K.L.:
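Take this structure first; my questions come after.
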Amino acid sequence: MRIDLHTHTAASDGTDSPSELVAAAVAAGLDVVAVTDHDTTGGWAEALAARPDRLTIVPGAEFSCFHVEPDGRLISLHLLGYLFDPDHAELRAERARLRDSRLSRGRRIVENLAADGYAVTWERVSELARGGTVGRPHIGRALVEAGVVPDVDAAFTHLLSSRQKYYVRKDDMPVLDAVRLIRAAGGLPVFAHPFAHRRGPVVGDDVVAAMTEAGLVGLEVDHPDHDADDRAKVAALARELGLIGTGSSDYHGTNKVTRLGACTTRPEAYERLLALPSARRPVGS
Ligand code: AMP
Ligand code: FE
Ligand code: FE
Ligand code: ZN
């Protein structure tokens with residue numbers, strides 16, 4: 001069984017349409033794929049409609065969150081939510097609020113870049129997003145088109161980095177509230193790429209323990225942004241806290257170099273996840 005529990009489509013910042021993702025999952029030899037677009041369930045229906053018999057789809061989403069350190073610093077982090085009720089009113093409103101916040105923030109990042117002479121326009125960025133959740137990768141694509149950088153990855157090393165002056169925060173969810181809200185909606189929250197320090201500062205084990213008390217069920221152990229040392233540490237923390245250790249590619253189509261199925265979840269871990277009560281079930285065998 002090949003199981004990839006974290007992927008993006010054009011409903012957020014991936015480049016494959018949901019049906020293209022499904023075809024790519026089959027071509028990559030996956031048996032199970034989770035569709036986890038940023039702050040939206042917008043890709044679910046098309047992915048499910050395109051699903052062939054041999055593929056199981058786990059509907060989910062990736063939520064942008066933050067944690068406040070004792071010294072007041074904000075650390076941003078991502079939560080995967082699987083199998084929640086898409087009609088749960090509060091979580092639904094929260095997704096809409098997060099997507100809205102991404103619009104105004106994306107516009108401001110573009111304004112900051114344009115003010116320094118970079119040839120990007122909000123018009124082009126929102127065209128590239130095609131009505132899906134807007135993210136920095138769309139701005140990256142516009143920068144590539146304008147010939148400013150060779151690829152989206154290069155855009156992230158400088159211009160789009162959270163450490164740069166062009167960066168603007170989104171109005172994310174406090175992470176403990178997010179864990180509780182996903183649970184309240186019948187979902188299973190898993191902390192995405194918890195030790196991906198290349199992206200920015202990461203939270204300590206104490207925060208992961210507090211998230212566990214709030215209802216977290218798993219940690220993403222195998223992820224392209226984790227090196228061998230990170231994976232060993234996350235796996236040990238998962239064991240210590242009784243959390244499920246998952247693995248996934250965080251595939252974004254051509255917006256990122258990582259391939260579908262580049263990291264996968266062990267069948268035992270997947271079984272443990274499915275043994276938990278949730279509002280929905282995976283669709284497929
Ligand atoms: P945003 O959600 O708008 O803050 O943008 C962050 C998103 O950009 C992450 O969820 C990743 O999907 C993506 N990302 C982060 N680093 C890179 C990179 N080096 N190349 C392409 N995409 C990236
Ligand atoms: Fe993304
Ligand atoms: Fe993420
Ligand atoms: Zn992701």
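Atoms within a ligand are numbered from 1 in the order they appear, just like the ligands themselves. Residue indices begin at 1 and follow the sequence shown. It should be emphasised that the depicted structure is a prediction, and the values quoted were computed from it without experimental measurement.
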K.L.:
Do you see an N/O/S atom of E62, backbone or side chain, under 2.8 Å from the Fe ion (ligand 2)?
P.N.:
no
K.L.:
Among H252, R136, H193, K170, which one puts a heavy atom closest to atom 6 (C) of ligand 1?
P.N.:
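Minimum heavy-atom distance to atom 6 (C) of ligand 1 goes to R136.
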K.L.:
Where does the angle between the aromatic ring planes of F195 and H226 fall among parallel (under 30°), tilted (30 to 60°) and perpendicular (over 60°)?
P.N.:
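If you compare the ring of F195 with that of H226, the planes turn out perpendicular.
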K.L.:
Is a side-chain donor or acceptor of R169 paired with a backbone partner of L74 at a separation under 3.5 angstrom?
P.N.:
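Yes, R169 side chain to L74 backbone: donor-acceptor pair under 3.5 Å.
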K.L.:
How far is atom 7 (C) of ligand 1 from its nearest protein heavy atom, and which residue and atom name does that atom have?
P.N.:
D13 OD2, 3.8 Å
K.L.:
When you measure from atom 2 (O) of ligand 1 to each heavy atom in R169, R198, R102, H38, which option holds the nearest one?
P.N.:
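Nearest heavy atom to atom 2 (O) of ligand 1 lies in R102.
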K.L.:
Restricting to N, O or S atoms of H78, which is nearest to the Fe ion (ligand 3)?
P.N.:
ND1
K.L.:
I'd like to know if the Fe ion (ligand 3) has an N/O/S atom from H193 within less than 2.8 Å of it, counting both backbone and side-chain atoms.
P.N.:
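Yes, H193 qualifies, because one of its backbone or side-chain N, O or S atoms lies under 2.8 Å.
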K.L.:
After noting the C-alpha distance and the side-chain angles of T15 and N255, does the key distance pass the side-chain hydrogen bond (donor to acceptor under 3.5 Å, both in side chains) rule?
P.N.:
CA-CA 6 Å; T15 52; N255 269 350; 5.5 Å; no
K.L.:
Decide, yes or no, whether a salt bridge links D177 with R180 under the criterion of side-chain N to carboxylate O below 4.0 Å.
P.N.:
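A salt bridge is present here (some side-chain N lies under 4.0 Å from a carboxylate O).
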K.L.:
Does E62 have a non-hydrogen atom less than 4.0 Å from ligand 1?
P.N.:
no
K.L.:
Which ligand 1 atoms are under 4.0 Å away from a heavy-atom of H78?
P.N.:
10 (O)
K.L.:
Mind checking whether the Fe ion (ligand 2) has an N, O or S of H252 under 2.8 Å?
P.N.:
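Of the N, O and S atoms in H252, at least one lies under 2.8 Å from the Fe ion (ligand 2), which means yes.
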K.L.:
Which of the numbered atoms in ligand 1 are under 4.0 angstrom from any heavy atom belonging to V152?
P.N.:
21 (C)
K.L.:
Tell me, please: is R105 in heavy-atom contact with ligand 1, that is, under 4.0 Å?
P.N.:
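Yes, that is the case, since the closest heavy atom of the residue is under 4.0 Å from the ligand.
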K.L.:
Can you confirm whether the side chains of H67 and E69 place a donor and an acceptor under 3.5 Å from each other?
P.N.:
yes
K.L.:
Would you kindly say whether Y251 and D4 are connected by a side-chain donor-acceptor distance under 3.5 Å?
P.N.:
no
K.L.:
Have a look at E220 and tell me which of H78, H6, H193 forms a side-chain hydrogen bond (donor to acceptor under 3.5 Å, both in side chains) with it.
P.N.:
H6
K.L.:
Look at atom 15 (C) of ligand 1 and say which protein heavy atom is nearest, naming residue and atom and giving the distance to 0.1 Å.
P.N.:
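The closest one turns out to be F156 CE2, 3.5 Å.
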K.L.:
Regarding D13 and H252, is there a side-chain donor-to-acceptor distance under 3.5 Å anywhere?
P.N.:
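Looking only at side-chain atoms, H252 and D13 do form a donor-acceptor pair, the distance falling under 3.5 Å.
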K.L.:
How far is atom 9 (C) of ligand 1 from its nearest protein heavy atom, and which residue and atom name does that atom have?
P.N.:
R199 NH1, 4.0 Å
K.L.:
Quick one about S19 and E46 (side-chain donor to acceptor, distance below 3.5 Å, no hydrogens or angles considered), yes or no?
P.N.:
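Present: a donor and an acceptor within the cut-off.
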K.L.:
Under 4.0 Å from ligand 1, counting heavy atoms only, is it the side chain of H8, its backbone, both or neither?
P.N.:
neither
K.L.:
CZ of R108: more than 12 outside heavy atoms within 6.0 angstrom?
P.N.:
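No, CZ of R108 has 12 or fewer neighbouring heavy atoms, counting only those of other groups under 6.0 Å.
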K.L.:
I'd like to know if K256 and D153 make a salt bridge, using a cut-off of under 4.0 Å between side-chain N and carboxylate O.
P.N.:
no
K.L.:
Looking at the Fe ion (ligand 2), which N/O/S atom of D13 is the nearest one?
P.N.:
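Of all N, O or S atoms in D13, the Fe ion (ligand 2) lies closest to OD2.
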K.L.:
List the closest protein heavy-atom neighbour of atom 21 (C) of ligand 1: residue, atom name, distance to the nearest 0.1 Å.
P.N.:
N255 O, 3.1 Å
K.L.:
Using a strict 4.0 Å cut-off to heavy atoms of G135, name the atoms of ligand 1 that fall inside it.
P.N.:
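Selected atoms, number and element: 3 (O).
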K.L.:
Given V134, T258, D153, D172, which has its nearest heavy atom closest to atom 19 (N) of ligand 1?
P.N.:
D153
